[in-house]
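Please read the structure below before turning to the comments.
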Amino acid sequence: MVAQQTLLTGGTGFAGRVLVRRLAASGRPVRLLVRRPDPDAGVPVHCVTDWSDEAALRGAMEGVDAVCHLAGLAHLTGRAPADEDQRFDAVNVGLSCRVAQAAFAAGVRRFVFVSSIGAVATSTRPGEALNEQSPCRPTTPYGRSKLRAEARLREIADAHHAELVVVRPPLVHGRNAPGNLARLAKLVATGLPLPLAGIANQRSLIHVDNLARVLELCLDHPAAAGETFHVRDLHDYSTPDILRGLARAMGRPPRMFGLPMPVLRWLAGAAGQRETFGQLTGWLQVDDAHVRALLGFVPAEVEFAA
């Protein structure tokens with residue numbers, strides 16, 4: 001079944017642009033819901049400057065069969081404010097629910113919500129990958145907001161007898177990826193040797209092309225209705241794997257050396273970077289067996305790009 005019309009939020013972002021190109025190339029009618037006009041979108045856009053305007057949001061949904069909601073808040077700049085949870089909730093819960101309410105009130109059949117594996121956890125024990133039955137114990141304001149959004153969206157979908165699909169990606173990589181990968185890429189680009197060669201962890205990531213493929217599938221596949229999916233690449237990566245991939249993409253030799261973990265931990269603490277140290281050295285593995293079995297999705301083999 002092909003969607004009559006698909007609307008995307010966050011379609012001008014990193015993952016959104018890739019999904020837009022994929023959907024448009026397949027001949028699917030695509031519309032973007034944006035706050036500001038984007039002349040480079042390449043597809044029709046519906047501009048609503050105030051997303052608290054329910055009537056305007058419903059108008060944007062006219063003729064839409066499925067919505068993919070990628071818009072959200074992932075980072076706050078500067079020092080964490082005292083109301084950090086509330087700021088994440090305002091966007092990731094409040095805005096998501098307003099968009100879903102408008103969509104279902106306008107007759108949208110399916111709402112695909114791009115959540116995060118952070119709604120479940122930010123680390124795992126070696127060999128204990130997170131599946132859809134794993135208890136959700138988010139440890140960050142971002143992860144907590146995504147989990148709260150999932151719960152509220154289920155209530156809204158149930159009230160409208162509509163279909164909700166939740167997708168929980170880990171860190172998304174690909175050319176010009178933002179966030180932590182962009183910071184790592186800048187470190188690699190300096191050419192400075194990094195003391196991370198001895199880290200033997202495993203982290204699940206997903207390439208932006210693989211994420212776009214699975215989101216396209218979730219928009220239409222009959223078996224996706226009401227489901228939650230954990231997604232990942234074909235294999236996991238160690239931190240040295242990631243650094244080597246970034247270096248290769250930039251045409252640079254990977255420059256790394258090893259230091260004992262206690263020394264690394266002490267250096268990170270002295271520099272006030274304990275959280276960053278945990279992200280660089282910790283494990284975070286995702287089990288994607290459910291999406292493979294139910295939707296037949298097999299991620300493509302990809303390389304890092306910077």
Side-chain angles (χ1 to χ4, degrees), residues 1-11 15-16 19-20 22-23 26 28-35 43-46 48 50-72 89-116 119-120 132-133 136 145-169 211-231 290-291 293-297:
M1 178 173 60
V2 176
Q4 172 188 348
Q5 173 93 16
T6 298
L7 180 140
L8 269 65
T9 72
L19 180 57
V20 167
R22 182 173 184 87
L23 296 178
S26 71
R28 178 194 300 259
V30 180
R31 179 190 308 167
L32 303 190
L33 175 60
V34 299
R35 280 197 170 109
V43 296
V45 300
H46 193 111
V48 176
D50 181 5
W51 284 18
S52 65
D53 186 338
E54 294 181 11
L57 285 179
R58 283 198 302 272
M61 304 292 173
E62 184 177 349
V64 170
D65 186 60
V67 170
C68 185
H69 183 55
L70 291 114
D89 276 6
V91 177
N92 295 339
V93 183
L95 184 147
S96 300
C97 290
R98 286 196 294 272
V99 172
Q101 287 275 21
F104 294 141
V108 168
R109 167 185 61 89
R110 178 172 293 185
F111 192 92
V112 178
F113 177 58
V114 182
S115 182
S116 167
V120 185
E132 291 81 0
Q133 285 71 50
C136 294
S145 70
K146 285 292 192 179
L147 185 61
R148 283 191 282 265
E150 290 181 18
R152 284 288 295 118
L153 290 171
R154 286 191 189 95
E155 293 173 358
I156 295 168
D158 288 346
H160 287 85
H161 306 288
E163 300 172 358
L164 175 69
V165 184
V166 174
V167 179
R168 292 173 176 163
L211 179 59
R213 286 178 57 226
V214 78
L215 291 177
E216 180 182 25
L217 198 59
C218 287
L219 283 166
D220 289 327
H221 200 299
E227 295 289 339
T228 297
F229 296 114
H230 290 186
V231 295
H290 183 50
V291 73
L294 196 64
L295 305 189
F297 175 73

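Note that the structure is a prediction, hence the values are computed from the model and not measured.
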Shortest non-hydrogen contact between [X] and [Y], atoms and distance:
{"X": "A103", "Y": "F111", "value": "CB-CD1, 4.3 Å"}
{"X": "N92", "Y": "S145", "value": "ND2-OG, 3.0 Å"}
{"X": "D65", "Y": "V108", "value": "O-CG1, 3.5 Å"}
{"X": "A60", "Y": "V48", "value": "CB-CG2, 4.4 Å"}
{"X": "L211", "Y": "P169", "value": "CD1-CB, 4.1 Å"}
{"X": "L164", "Y": "A157", "value": "CB-CB, 3.9 Å"}

Rounded to the nearest 0.5 Å, what's the gap from [atom1] on [X] to [atom2] on [Y]? Could you check?
{"X": "L7", "Y": "L57", "atom1": "CG", "atom2": "CG", "answer": "9.5 Å"}
{"X": "L217", "Y": "L294", "atom1": "CG", "atom2": "CG", "answer": "9.5 Å"}
{"X": "L95", "Y": "D89", "atom1": "CG", "atom2": "CG", "answer": "12.0 Å"}
{"X": "C97", "Y": "I156", "atom1": "SG", "atom2": "CD1", "answer": "4.0 Å"}

*Hey, what's the ring geometry for H69 with F113, parallel, tilted or perpendicular (30° and 60° as the breaks)?*
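Rings of H69 and F113: parallel, under 30°.
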*Going through the checks in order, is the side-chain contact (heavy atoms from CB on, under 4.5 Å) test met by H46 and V64?*
CA-CA 12 Å; H46 193 111; V64 170; over 6 Å; no
Would you call [X] and [Y] a side-chain contact if the rule is heavy atoms closer than 4.5 Å?
{"X": "R168", "Y": "E150", "answer": "yes"}
{"X": "L19", "Y": "V30", "answer": "no"}
{"X": "F229", "Y": "L295", "answer": "yes"}
{"X": "L70", "Y": "L215", "answer": "yes"}
{"X": "M61", "Y": "V99", "answer": "yes"}
{"X": "P44", "Y": "Q5", "answer": "no"}
{"X": "Q101", "Y": "H160", "answer": "yes"}
{"X": "H221", "Y": "V214", "answer": "no"}

_Between L23 and L219, does the side-chain contact (heavy atoms from CB on, under 4.5 Å) criterion hold? Intermediate values first, please._
CA-CA 10 Å; L23 296 178; L219 283 166; 4.1 Å; yes
*Would you kindly say whether H290 and E227 are connected by a side-chain donor-acceptor distance under 3.5 Å?*
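On atom types as modelled, these side chains qualify, holding a pair under 3.5 Å.
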Examine distances only and state if a side-chain atom of [X] and a backbone atom of [Y] form a donor-acceptor pair shorter than 3.5 Å.
{"X": "R152", "Y": "V93", "value": "no"}
{"X": "R110", "Y": "C218", "value": "yes"}
{"X": "S115", "Y": "V167", "value": "no"}

*Just do the side-chain contact (heavy atoms from CB on, under 4.5 Å) check on T9 and W51 with the steps written out, would you?*
CA-CA 11 Å; T9 72; W51 284 18; 4.1 Å; yes
*Quickly, which of K146, H230, R154, E132 forms a side-chain contact (heavy atoms from CB on, under 4.5 Å) with V166? Name it, please.*
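So the option named by the test is R154.
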*For V20, side chain to side chain contact (heavy atoms under 4.5 Å, CB included) partners two or more places apart*: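 Only L8, L32, V43 meet the side chain to side chain contact (heavy atoms under 4.5 Å, CB included) criterion with V20.
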*asked:* Does E155, at its CD atom, have more than 12 non-hydrogen atoms belonging to other residues, nucleotides or ligands within less than 6.0 Å?
replied: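 It does: E155 CD has more than 12 such atoms within range.
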